[in-house]
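Read through the structure below, which is laid out as structure tokens, and then see the notes.
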There are 2 protein chains.
Amino acid sequence: MRHREGAWTIGRLAKTVGVTVETIRFYQRRGLVREPPRPPGGIRHYTPEDGARVRFIKSAQRLGFSLDEIRHLLRLDEGMQCDAAAKLAAQHLDGVRMRLQDLRRIETTLEILVEQCGQGKEKVACPLIMSLYGDKNYK
Amino acid sequence: MRHREGAWTIGRLAKTVGVTVETIRFYQRRGLVREPPRPPGGIRHYTPEDGARVRFIKSAQRLGFSLDEIRHLLRLDEGMQCDAAAKLAAQHLDGVRMRLQDLRRIETTLEILVEQCGQGKEKVACPLIMSLYGDKNYK
DNA sequence: GTTGACTCCGTACTTAAGTACGGCAGTAAG
DNA sequence: CTTACTGCCGTACTTAAGTACGGAGTCAAC
């Protein structure tokens with residue numbers, strides 16, 4: 001290995017952080033990961049900092065942030081703006097809570113319907129299907 | 001209005017159930033809504049049953065079913081297979097519960113991070129950002 | 001009997017977050 | 001020096017659930 005330590009190819013970077021090369025390139029097109037300068041007639045070299053950045057993206061994704069939100073967070077990081085980052089996270093949290101409410105409503109409804117169906121008085125129209133038709137004289 | 005009651009144009013159907021004409025056509029291409037026969041040199045006519053079907057689709061969507069799942073449910077409806085429908089709903093419910101778990105985990109993490117950021121000891125690196133970098137000596 | 005609205009049909013575009021492909025260039029090993 | 005990977009770059013495809021567009025045919029009203 002002739003290269004200096006801490007200088008990776010894109011393939012090495014991808015493998016190190018556990019994504020594919022194509023994903024790195026995609027993040028670059030999205031402006032989330034820099035494109036290191038390409039030496040004339042050579043290939044680009046990446047550093048562990050690039051790896052940290054990709055890992056940051058992946059962590060934020062596990063918290064449900066979109067790539068657009070993550071780009072925003074990364075810009076804030078560069079400026080060390082904790083308040084703004086917290087505000088963004090709080091907004092995202094609001095969205096999460098709304099999705100939670102939706103899912104809880106759905107969970108409750110489905111629980112009831114599945115249970116009603118399980119009561120197995122066949123011969124009667126399926127409660128689930130009836131409910132989806134709007135219940136009352138549905139056809 | 002020369003047409004028999006209960007015979008609608010696609011536009012009337014769409015307006016009645018609160019979707020666009022394009023959405024109806026899309027459901028037809030997906031096999032969720034029938035295409036009534038087209039009389040030679042005329043236009044297709046729809047019935048209130050078609051309306052009920054579209055409303056069924058929309059209700060199921062509110063419960064988070066995908067169009068593929070809904071097509072499945074509609075096939076079961078035709079055969080009056082309550083058990084199978086309930087099984088499908090139960091599987092869907094499992095998925096909903098998994099998404100709920102994910103979202104609850106995310107909610108908790110974000111709550112903690114937002115609160116830590118709010119403690120406002122500036123001068124220290126942002127807890128949110130640090131956490132996304134994986135916390136320990138991140139650069 | 002001609003407007004103007006509506007239908008029909010096919011095709012293409014949208015968003016999100018990638019994945020896949022293909023040709024050409026650079027690099028590593030023998 | 002040649003072989004076999006990689007890297008580079010542009011383009012196109014993927015899924016889900018639609019939305020948009022454009023031209024030609026129909027229908028209803030004046």
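A, B, ... follow the sequence lines: proteins, then strands. Residue 1 opens every chain. Computed over heavy atoms, backbone and side chain alike; hydrogens, waters and symmetry mates excluded.
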Base, backbone or nothing for each nucleotide of nucleotides 15-21 of chain C, written B, S, -, heavy atoms under 4.0 angstrom, 5' to 3'? --BBBBB
If you look at every strand shown and take non-hydrogen atoms under 4.0 Å, does B:Glu69 touch a base, only sugar-phosphate, or nothing? nothing
Applying a 4.0 Å non-hydrogen cut-off, can you work out what B:Gln28 is touching in the nucleic acid: base, sugar-phosphate, or nothing? nothing
Under 4.0 Å between a side-chain N or O of [X] and OP1 or OP2 of [N]?
X	N	answer
A:Arg44	D:dC9	yes
B:Arg38	C:dC9	yes
A:Arg25	D:dC9	no
B:Thr9	C:dT7	yes

Round to the nearest Å and state the distance from [X] atom [atom1] to [N] atom [atom2].
X	N	atom1	atom2	value
B:Ile43	C:dC9	CD1	P	11 Å
B:Ile24	C:dT7	CD1	P	11 Å
B:His45	C:dT7	NE2	C1'	11 Å

Which of these passes salt bridge (Lys or Arg N to Asp or Glu O under 4.0 Å) with A:Glu35: A:Arg44, A:Arg25, A:Arg29? A:Arg44
Kindly indicate whether the side chain of [X], heavy atoms from C-beta on, has any atom under 4.5 Å from the side chain of [Y].
X	Y	result
B:Ile57	B:Val19	no
A:Thr47	A:Arg34	yes
A:Gln61	A:Leu67	yes

State plainly whether one hydrophobic cluster holds both A:Leu113 and B:Leu76, where clusters connect Ile, Leu, Val, Met, Phe, Trp and Tyr through side-chain heavy atoms under 4.5 angstrom apart. no
Any ion pair linking A:Asp50 and A:Arg53 (charged N to carboxylate O, less than 4.0 Å)? no
